[in-house]
Amino acid sequence: MTALLSGTRAHHHPGQSMLGETCSTRAAPPVPQPRRERWRFAWITVSGLALACPALAQTPPISAPEVRVSASGSTPLKGKTQVDSGSLLRLTPRETPASIDVVDQETIRARGIRTVTEAAEAATGVTAADFPAEPAAFSMRGFTNSQINVLYNGIRIGPQNMTSRVMNAFNLERIEILKGPASLMSGEGAAGGAINYVTRGPQSGPVQINGEAAYGSFGTRRFGLGVGGSTSIPGLDFRADFSDVRSDGFINDTGSRSSHFSGGLDYRLSDTVKLWMATEMKSDEASPYWGTPLVPLSVAGADATNGIVSGTHVSNFNGTDLGAITIDRRTLRTNYNVLDNRNRADEYFVRGGFDVQVLPGVTVRNQTYFYTADREWRNNEVIAFNAATGLVDRERFFVAHNQSLVGNRTQVLWDHKIGAMDNRLTAVVDASQLDFDRPGAGNFPGDSVPLVDPPRGTYGPLTQRKQSTDIRNVALSVEDRLRLTPELAVMAGLRHEVIDLDRGHVNADGSNRPGFPYSKSFNPTTGRVGATYDITPGTMLYTQFATGADVAANNLFLLGPTQPLELTRSRSVEAGIKSLFWDSRGEWNFAVFDIQRNNVYAAAGGQALNVAGQQKSRGAELALGVRPSPVWNLWANLAYTDAEYQNYSFTGGSFSGNAPPNVPRVVANAGAAYRLPVALPTDIGTSVRHVGDRFHSDANTVKLLAYTVVDAFAAVEVAKTRFTFRVRNLTNQEYAVWSDAFYPDQILLGVPRTYEVQAQFRF
C-alpha cells in the first residue's frame with residue numbers, strides 16, 4: 001500500500017496518517033447500541049466502586065501496610081525510589097524485574113536539565129529531540145515515537161507523536177523511564193517502553209519556597225517558582241509551581257515560549273484516609289524550525305560541512321537524485337518557514353481522588369481525571385532541495401486538535417501472607433472516553449525558493465477537511481508478587497483491554513471521504529512474568545518476559561479504513577543485575593535484552609507504507625553511579641543496541657536487514673562533579689555525551705553521523721542561593737540530532753555552543 005491510495009501527499013504529522021488524508025474526520029456516526037451498552041456498564045461499574053469507597057472511611061484507624069520504599073535520592077541511581085511506571089505494585093526499581101531509570105529533581109538541578117527531552121537523554125540509552133511535528137520524541141532499545149508511551153502521572157492521553165509538547169522540567173518531581181514492552185502498565189502502544197512525568201506534589205512540614213532564574217545564549221530566559229508545605233488546617237498540605245521559558249532560538253526567527261502551572265492539595269482525614277486533588281495548565285507557542293535541507297556536495301562546494309551527514313539521497317518530494325549529500329554551511333541558521341507560521345498548544349489537566357486503608361494490609365486508591373487540549377500547526381513543513389532547478393521546494397501543511405479525555409482508575413492493593421510467604425496483589429480497573437476532533441489541510445500550497453537567503457513568504461490559500469476520532473477504553477489489570485524465600489521473589493501480571501474506536505472524515509463540502517465513517521474494536525491481552533533473586537544483601541539478579549500490543553499502522557488516532565485494522569504484537573526477554581555497594585555510595589545496573597515486534601507497517605523512505613514482517617532489537621545497557629566522598633559525584637552509562645527490520649520487502653526492493661531511523665548502536669554519558677576546598681561551597685563539573693551513527697530513514701542511504709558533546713559548569717552557594725555558570729556544547733560541535741522519516745529531505749541540527757547564568761534558591 002502507498003500514499004497513492006489517498007490521492008494526496010502523505011505528510012507525517014501529529015494529525016496526519018502514514019497514508020496522508022486517508023485517516024480523518026467526520027460528523028460522528030451512530031455507535032452500535034450493544035457496544036455503547038457495554039461501555040456504559042463498564043463505566044458505571046468503575047464509577048460505582050469509586051463512589052462506594054469513601055464510606056469505608058468510617059473504618060477505625062489501622063496501622064498502615066508495610067511500605068517497601070526509601071527516600072528518593074538515597075542511592076546514586078535512585079534504585080530505592082518508589083515509582084509508578086515500573087509496576088502496579090508500587091515497588092522500587094530494585095524490587096522490579098525490569099530496567100527503570102529515574103531522573104529526579106536532584107539530578108535535574110545538578111545537571112542543569114531544562115526540558116523533559118534533556119531529562120530523558122540523561123537516562124541510559126535514550127535519545128530524544130523536539131521535532132515540531134512531534135516534540136519530545138524519544139528513541140530507546142530500537143523503538144521510537146508512538147512505539148513509546150508517554151504518561152502524565154501515570155495517565156496516557158494519547159500516542160506520543162500526536163499529543164506530546166515541549167515541556168519544562170521545573171514542575172516535575174521526577175521522570176520515570178521503563179524500558180521494553182510496557183503494555184501492562186500503560187496499555188496499547190508501548191512496544192518500546194514508557195516514560196512517565198510525575199508532577200511535584202504536596203509536602204508535609206513547614207512551608208518552603210524554591211525558585212530559579214536564568215539567562216543564556218540566544219536570548220533564553222527561564223523562571224520558576226514553587227511553594228509547598230502544611231497549612232494551618234491539620235492534615236491539609238499543598239504545593240504550587242509555576243515556570244516560564246522564552247527563547248529567540250538558534251535558528252533565525254524561531255522564538256518560543258512555554259509556561260506551566262501545577263498545584264495540588266492533600267487532605268489526610270486520618271491515618272487511613274487521604275483525599276487529594278491536582279490541577280495543571282500548560283501553554284506553549286513557537287515559530288518552529290522544521291529542519292535544514294540535504295544538498296548535493298557539488299552544490300555546497302567549499303561551504304560543505306563535515307561530520308553532520310553522509311551518504312546519498314534521492315528526494316522523496318521531487319524525485320531528483322542529489323547524489324552524495326551534505327549540509328551547506330550557509331544554511332546552518334536559515335529558517336525556511338513562512339512568516340505567518342503558527343505552532344501552539346493550550347492544555348488543562350484536573351485530577352482528584354482518595355486513598356483509603358479499608359482493612360489491615362488492604363488499600364483502595366481511586367482517581368478521576370479530565371484533560372483537554374487545543375493545538376494548532378500552520379507552517380511550511382517540507383524543505384526539499386531540487387537537483388534539477390537548484391532551488392528548495394517547499395510545501396505547507398495545516399492541522400489543529402481539539403481533544404478531551406475523561407477517565408477513572410480504581411486500584412485495590414493487598415499485602416498478605418500465603419503460608420509464611422509475603423505476597424502483594426493488586427487489581428486495577430481503568431475506564432476512559434476520548435473525543436478528538438481534527439480540522440486538517442485539504443490542500444498543500446507550495447513554492448520554490450533559493451537555497452541561501454530564501455524569501456519567507458506566507459502560507460497562502462487553505463482548504464480544510466474535518467476529522468474526528470472517538471475512543472472508549474476499559475482495562476482490567478492484575479499483578480502479583482510472591483516472595484518464595486527471603487532471597488527469591490516471583491512476579492506476574494496481566495492486562496486485558498476493550499478498545500472501541502469510531503473514526504470519520506468529511507470533505508470541505510460536507511461529504512464523507514471513501515470508507516468513512518467506520519468503527520472497530522480491539523481486545524489486546526498483554527502481560528509479563530519475572531523473578532528477582534538476592535545473591536547478596538546488595539546485589540540482585542532478575543529476569544522477565546513481557547508482551548506488548550500496538551496498532552500495526554501508526555496509531556489509533558490516525559488509523560484509516562484502508563490500513564491494516566489490527567494490532568501488532570511485541571515480546572521482550574530481559575535479564576540483568578542490580579547492585580549496591582560501598583555502603584550505598586555506589587550503585588550499578590546491567591541488563592541484556594531481546595525484543596521482537598511482529599507484523600510491522602513502516603514508512604518506506606517517508607512517502608509509502610510497507611509491510612516489515614518483523615522489527616528486532618537486542619543489546620546491553622550498563623549504568624554506574626558513585627559517591628566516593630562527600631565532595632565527589634561520578635556517573636556513567638553505556639548502551640549498545642542492534643536493531644533491524646526483517647522480511648521487509650515491497651515492490652521494487654527490500655529493506656530487510658536495515659536499521660530503523662534514529663536508532664544509534666552506541667549511546668554513552670559520563671560526568672563528574674567536585675566540591676572545591678574553599679570558604680564558600682563551590683562546585684565544578686563536566687559531562688560528556690556520545691551518540692553513534694544513525695540512519696535518517698528506513699532506506700539507510702543517509703547517515704546522521706556520530707557526535708560527542710561536552711558540557712561544563714561552575715557553581716557557588718551564597719547564603720541560600722546557588723549561582724551557576726554553565727557552558728553547553730563546549731567544543732561547538734556541529735551535528736544532526738534527529739530526522740523524521742516522513743520528512744527525509746531535511747534533518748534537525750543540534751544546538752551550538754551556549755552559555756547560561758542561573759540562580760537557584762530555597763528558603
Side-chain angles (χ1 to χ4, degrees), residues 83-89 91 93 96-101 120 123-126 138-151 154 156 159-161 176-196 428 430 475 477-479 491-497 499 522-531 542-552 554-556 566-576 591-602 612-621 639 641-646 660 663:
V83 298
D84 298 316
S85 62
S87 168
L88 301 172
L89 298 167
L91 304 176
T96 307
S99 291
I100 305 168
D101 287 352
T124 307
V126 181
F138 307 104
S139 175
M140 62 188 187
R141 291 196 171 178
F143 298 89
T144 57
N145 297 355
S146 58
Q147 297 163 12
I148 299 170
N149 277 349
V150 173
L151 312 175
R156 182 173 183 251
Q160 176 278 328
N161 65 342
E176 305 167 354
I177 302 171
L178 173 64
K179 312 286 185 62
S183 290
L184 173 66
M185 295 303 304
S186 54
E188 176 272 326
I195 296 179
N196 185 32
V428 182
D430 287 291
S477 304
V478 179
E479 191 172 20
M491 288 179 59
L494 200 66
R495 178 186 178 101
H496 180 74
E497 292 186 79
I499 305 169
F522 305 90
N523 298 276
T525 299
T526 56
R528 73 176 176 198
V529 293
Y542 75 91
T543 185
Q544 74 151 332
F545 175 85
T547 63
D550 63 302
V551 175
N554 213 329
N555 64 63
L556 284 174
E566 58 192 44
L567 297 178
T568 185
R569 301 287 175 167
S570 56
R571 64 99 181 121
S572 171
V573 179
E574 179 177 341
V592 293
F593 61 88
D594 185 305
I595 305 173
Q596 180 174 301
R597 182 170 176 248
N598 297 311
N599 193 32
V600 178
Y601 286 77
Q614 290 181 343
Q615 184 177 347
K616 288 191 172 183
S617 178
R618 60 189 62 183
E621 298 171 345
T641 303
D642 181 12
E644 66 176 21
Y645 292 116
Q646 295 187 349
V663 177

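Just so you know, these numbers use all the heavy atoms, side chains as well, and skip hydrogens, waters and symmetry mates. For the single chain, residues carry numbers from 1 onward in sequence order.
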Contacts of Glu644 meeting side chain to side chain contact (heavy atoms under 4.5 Å, CB included) (sequence neighbours excluded), chain-then-number -> Gln646
The criterion is side chain to side chain contact (heavy atoms under 4.5 Å, CB included); which residues satisfy it with Ala123, sequence neighbours excluded? Asp101, Val126, Ile177
Side chain of Lys179, backbone of Phe593: donor and acceptor closer than 3.5 Å? no
Side chain to side chain donor-acceptor pair (under 3.5 Å) partners for Ser99, two or more places apart: Arg141, Tyr542, Glu574
Going by the rule side chain to side chain contact (heavy atoms under 4.5 Å, CB included), which residues pair with Pro93 if we only count those two or more places apart in sequence or in a different chain? Val83, Ile100, Val102
Who passes side chain to side chain contact (heavy atoms under 4.5 Å, CB included) against Ala475, sequence neighbours left out? Asp430, Asn473, Arg495, Glu497
State which residues pass side chain to side chain donor-acceptor pair (under 3.5 Å) with Ser617; sequence neighbours excluded, sorted by chain then number. none
Hey, are Arg597 and Asp550 close enough for a salt bridge, meaning a charged N less than 4.0 Å from a carboxylate O? yes
Listed partners of Arg571 passing salt bridge (Lys or Arg N to Asp or Glu O under 4.0 Å), at least two apart: Asp594
Over all atoms of both residues, closest heavy-atom pair of Ala191 and Ile595: O-CG2, 4.4 Å
Could you tell me which residues satisfy side chain to side chain donor-acceptor pair (under 3.5 Å) with Gln160, sequence neighbours excluded, listed by chain and number? none
For Ala194 and Met140, work out which heavy atoms get closest and say how close. N-CE, 3.8 Å
Is Ser87 reaching over with its side chain to a backbone N or O of Leu89, donor-acceptor style, under 3.5 angstrom? yes
About how many Å separate CD of Glu188 and OG of Ser183, when rounded to the nearest 0.5 Å? 7.5 Å
Identify, with sequence neighbours excluded, every residue that meets side chain to side chain donor-acceptor pair (under 3.5 Å) alongside Ser186. Asn149
Leu567 CG to Thr525 OG1 distance, which is reported to the nearest 0.5 Å: 10.5 Å
Could you walk me through whether Leu178 and Met185 pass side-chain contact (heavy atoms from CB on, under 4.5 Å), step by step? CA-CA 9 Å; Leu178 173 64; Met185 295 303 304; 4.0 Å; yes
